[in-house]
Amino acid sequence: MFGLQEGPIDVATVRRAVSNPRFGAILVFEGVTRDNFDGREVAQLAYEAYPEMAIPALEAIGQQIAERWPGAKCAIVHRVGICPVEEASVVIAVGTPHRPACYQASRFALEELKAQVPIWKKEIYADGSAWKANTST
Amino acid sequence: MFGLQEGPIDVATVRRAVSNPRFGAILVFEGVTRDNFDGREVAQLAYEAYPEMAIPALEAIGQQIAERWPGAKCAIVHRVGICPVEEASVVIAVGTPHRPACYQASRFALEELKAQVPIWKKEIYADGSAWKANTST
Amino acid sequence: MITVTVRYFAALRERRGLETELMQTSETTTIGRLYAQIFPPGPDGALPVAYAQNHVRVPGATPLADGDEVAFLPPLGGG
Amino acid sequence: MITVTVRYFAALRERRGLETELMQTSETTTIGRLYAQIFPPGPDGALPVAYAQNHVRVPGATPLADGDEVAFLPPLGGG
């Protein structure tokens, strides 16, 4: 499961996409809209994607994970449009037979997503807005 | 939320225990019963705890996380009794303002739990059973 | 002359006031040169972008062909 | 003589056939010596355990007191 969606992401659905009796570890990451950035109050975020590139890029992350961590499975859903505070902008589920690989693969998926997938974020404050780029840290 | 419980763990409840508008990252780890171990088919696992020590030990992990990663919050529920294949023996939820700390704190909680919390695991095969200790890897 | 479809996202979409447009350009134009034509560098310089031709990232020196879908990708913010 | 409560878990519980018992022992007995008394090392040696006195981990040389709750913790398997 690799997709973009408007409206709240159902975490349990993404989690179920990686269920497998061979898996000893499941890790579900949620990137959530925070109520502040650099001390400034954030009302909500707005995400925009280039779907024709973003979905293949998400699928490519899943492919890389399957190659680097044999037996691992990944599912990623990213929200587009308005994402209010405390709601998830992205849900990444990873299942692996063993636990260390699960943490490695989940983190890999998140960093690859931030670096490679054509999605953009606008922070909307009480008194303005700004497009915010990911840093490489 | 730090506890032991018989029967299935409700992942969403553990996840909600770390909700906070300051959090940009939520990570939910599920340790799941695998259908095999060292090539042998596993029918189910049975967990046993020393509750009077295990619950304070889980709480101590939460305390250490709050000290090492300021602003982080952790919740851990471990199952006791029979845990069938594909069901979670432990759910660890961590919320943090920023993402790298979330992965670090979640992994720390898991490794501390395995090393410090008085819980034991019995693997039940089609044709026998064995108590299995965690390794330090 | 060739005709390409240009897609705009995020800050570039807002600056251009458009999500997409058809654009005519010469056969010798590269994707980087097209970007500079549409968004001439202002006092703050140009927004650094990556280039995509038919949904594949390409270098700025890549020549364009008739019917291409072209996109300029501002710094990413997913996650 | 003093009386302590002993708790058994996992393989030790199965070996002893008990979850808990009251046990009388001398005032000079350490927690490690009590373990060796209850579970004399067999041909495979003794199961390596950690010691807990009143829910706190202690070294094997720790003396016991009347009313203590004592537990021997086999290698852990949580997670």
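Reminder, nothing fancy here: chain letters follow the sequence lines and each chain counts from 1.
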Student: Looking at D:G79, is its backbone amide N or carbonyl O close enough to the side chain of B:Y47 to form a donor-acceptor pair, meaning the two atoms are under 3.5 Å apart?
Tutor: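 At least one qualifying donor-acceptor pair exists.
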Student: Report the option among D:A50, D:P74, D:A71, D:A52 that has the most heavy-atom pairs separated by less than 4.5 Å from atoms of chain B.
Tutor: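 Option with the top pair count is D:P74.
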Student: Let me see the working for D:L76 and B:K121 under side-chain contact (heavy atoms from CB on, under 4.5 Å), right down to the final yes or no.
Tutor: CA-CA 8 Å; D:L76 306 180; B:K121 173 173 69 177; over 6 Å; no
Student: Work out which heavy atom in D:R7 is nearest to a heavy atom in B:P51; give both atom names and the distance.
Tutor: NH2-CD, 4.3 Å
Student: Under a 4.5 Å heavy-atom cut-off, does chain D meet the side chain of B:K122, its backbone, both or neither?
Tutor: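 Side chain of B:K122 only, per the 4.5 Å heavy-atom cut-off to chain D.
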Student: Any chance CD of D:E19 has more than 12 other-residue heavy atoms, nucleotides or ligands included, within less than 6.0 Å?
Tutor: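 No.
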Student: Measuring only between side-chain heavy atoms, which start at C-beta, is B:M53 closer than 4.5 Å to D:V56?
Tutor: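 Counting from C-beta outward, B:M53 and D:V56 never come under 4.5 Å.
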Student: Can you tell which part of B:A49 gets under 4.5 Å to a heavy atom of chain D, answering side chain, backbone, both or neither?
Tutor: backbone
Student: Between B:E52 and chain D, which part of the residue has a heavy atom less than 4.5 Å away: side chain, backbone, both or neither?
Tutor: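 Its backbone and side chain both get close to chain D.
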Student: Closest approach of D:G78 and B:N134, non-hydrogen atoms and distance?
Tutor: O-ND2, 2.9 Å
Student: Going by salt bridge (charged side-chain N to carboxylate O under 4.0 Å, His left out), name the pairs with one or both residues in residues 64-86 of chain B, residues two or more places apart or in two chains.
Tutor: B:R79-B:E87
Student: Please report the closest heavy-atom contact between D:A10 and B:E48, naming both atoms and the distance.
Tutor: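 Nearest heavy atoms, D:A10 then B:E48: N-OE2, 2.8 Å.
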Student: Under 4.5 Å from any heavy atom of chain D, what part of B:A130 do you find: side chain, backbone, both or neither?
Tutor: neither
Student: Rounded to the nearest 0.5 Å, what separates atom CG in D:L47 from atom CH2 in B:W131?
Tutor: 11.5 Å
Student: Does any backbone or side-chain atom of D:R13 lie under 4.5 Å from a heavy atom of chain B? Answer side chain, backbone, both or neither.
Tutor: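 The answer is the side chain of D:R13.
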Student: Please list, chain by chain and in numerical order, all residues satisfying ring pair (Phe, Tyr, Trp, His ring centres under 6.0 Å) with B:Y50, sequence neighbours excluded.
Tutor: D:F9, D:H55
